[in-house]
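To find a chain, count down the sequence lines: A is the first, B the second, and so on, and within it residues start at 1. Any value given below was found using the heavy atoms of this structure, including those in side chains, with hydrogens, waters and symmetry copies removed.
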There are 2 protein chains.
Amino acid sequence: MTIQQKPTSAPCMAKQRLRVWLRMLKATKLVEATVRENLRVEFDTTLPRFDVLAALYRFEDGLKMSELSAALRVSNGNVTGIVERLVADGLVLRIPVAGDKRATLVRLSIKGRETFARMAEAHAGWVNGILQDLSDEDCEQAIGILETVGRSPKLTAKVDAND
Amino acid sequence: MTIQQKPTSAPCMAKQRLRVWLRMLKATKLVEATVRENLRVEFDTTLPRFDVLAALYRFEDGLKMSELSAALRVSNGNVTGIVERLVADGLVLRIPVAGDKRATLVRLSIKGRETFARMAEAHAGWVNGILQDLSDEDCEQAIGILETVGRSPKLTAKVDAND
DNA sequence: GCTTGAAATTTCATGCTTGAAATTATTGGC
DNA sequence: GCCAATAATTTCAAGCATGAAATTTCAAGC
């Protein structure tokens, strides 16, 4: 019994896809470098800290440490350190969970909320600046294409879930 | 005197571009996570090491440390450590530069060259797998769009140059 | 032949990141 | 009421990454 083979991926397509990946990586690094630099210079903070604040800004009622690390798709131990520093800076609060002494809830302080609001606005501006050459259609297309990445269930790591 | 305003970027476009950025970031992270994981499991190595090997594979005659860090767009001190470990693994050689005791040339050993060749092949396969849903047109479009990122001379960090 | 400035690296402190091991608390069965 | 499995975190060692400071060497000008 022969299996129906898709007319799939001449080896040339593989090369083409690799090129896409390299371009994508390059563009991403450019944006990231800019954001990092601007966060450093204008807010004296870092991208990981910004990411944590963003997640907590979105979930106003706070998140448990494990929920936070899941939301950010980073390791558990990682958030521990970042949150530690954010707490030290007074941007984040740790609240014990009633009825479960293992867990702690983490949420923004007032100051954290205000600070992040300012950062987020600036951030949107930076990104808009770097992507300023993308037209509306470009955006639509890009989003459509990017959404298919990793869609087909190969063994694409155990990443999926929300948003 | 009023300045001629491009019909540019209704605030809505800014939001749209931000969405593109978030998608792009997500897709990139997915690919990167997969590549990292596979490098770790199948070759017991890391992405930064792979990147260094790739650069040296391309420049057969070797690179000076500063050329290497420029090619990879990472800090000088960073490469020092990675190269150190690659030398310890026997994949990379350090060669003094005749006539300049400050600089050293860094290049692949035979073993390094062979090892990287195998890695690169596997790498291309992984990427092709993750991007398998991208058609030829998708690729063309994606590349075209990605190339415009950061094109316009805003203050987009001091990144440009080769490839 | 000095000296001063620039160039090529390394060193350093700090922080991010991971996976694995350890810790502490909860839960369900018995 | 105990006990094993599971869950929520933290701790840890290693490596990556940065910008800044320190080191060593070179290259001109005088």
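When every heavy atom of B:Cys139 is checked against every heavy atom of A:Met13, the shortest pair comes out as SG-CE, 4.1 Å. Minimum interatomic distance between B:Leu72 and B:Asp51 (heavy atoms only, all atoms of both residues): CD2-O, 3.6 Å.
Among the duplex regions that DNA chain D forms, those built from at least three successive Watson-Crick or G-U pairs under 3.5 Å are C:1-30 with D:1-30, ordered by first number.
Judged as a salt bridge (Lys or Arg N to Asp or Glu O under 4.0 Å), and not counting sequence neighbours, the contacts of A:Arg40 are A:Glu37. Listed by chain and number, the residues in a ring pair (Phe, Tyr, Trp, His ring centres under 6.0 Å) with B:Tyr57 are B:Phe116 (sequence neighbours excluded).
Distances shorter than 4.0 Å separate none of the side-chain N or O atoms of B:Ser75 from OP1 or OP2 on D:dG19. Under 4.0 angstrom from either OP1 or OP2 of D:dT10 there lies at least one side-chain N or O belonging to A:Thr80. Dashed line: the shortest gap from a side-chain N or O of A:Asn78 to OP1 or OP2 of C:dT18 is under 4.0 Å. For the OP1/OP2 pair of D:dG15 and a distance below 4.0 Å, the side-chain nitrogens and oxygens of B:Thr46 include no atom meeting the criterion.
The side chain of A:Glu84 sits closest to D:dT11 out of D:dT11, C:dC16, D:dG15.
We find that CD of A:Glu37 is positioned 11 Å from P of D:dT18, with the value rounded to whole Å. The CZ atom of A:Arg36 sits 16 Å away from the P atom of D:dC16 (whole-angstrom rounding). Summarising the geometry, the separation between CZ on A:Arg73 and C1' on C:dT17 is reported as 17 Å, rounded to the nearest angstrom. What separates CG of B:Asp44 from C1' of C:dT18 is a distance of 14 Å, to the nearest Å.
A salt bridge (Lys or Arg N to Asp or Glu O under 4.0 Å) check over residues 96-109 of chain A, counting only residues at least two apart or in different chains, returns the pairs A:Asp100-A:Arg102.
As judged by a 4.0 angstrom heavy-atom cut-off over every strand, B:Arg85 is placed among residues touching the sugar-phosphate backbone only.
Contact check on B:Arg36 versus B:Glu32 returns a salt bridge, with a Lys/Arg side-chain nitrogen under 4.0 Å from an Asp/Glu carboxylate oxygen.
For the segment residues 47-55 of chain A, the set of residues with a heavy atom within less than 4.0 Å of an atom of DNA chain D is empty.
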Study note, to complete from the structure: Once base and sugar-phosphate atoms are separated, protein heavy atoms under 4.0 Å mark nucleotides 20-29 of chain C, 5' to 3', with B, S and - as -----BS---
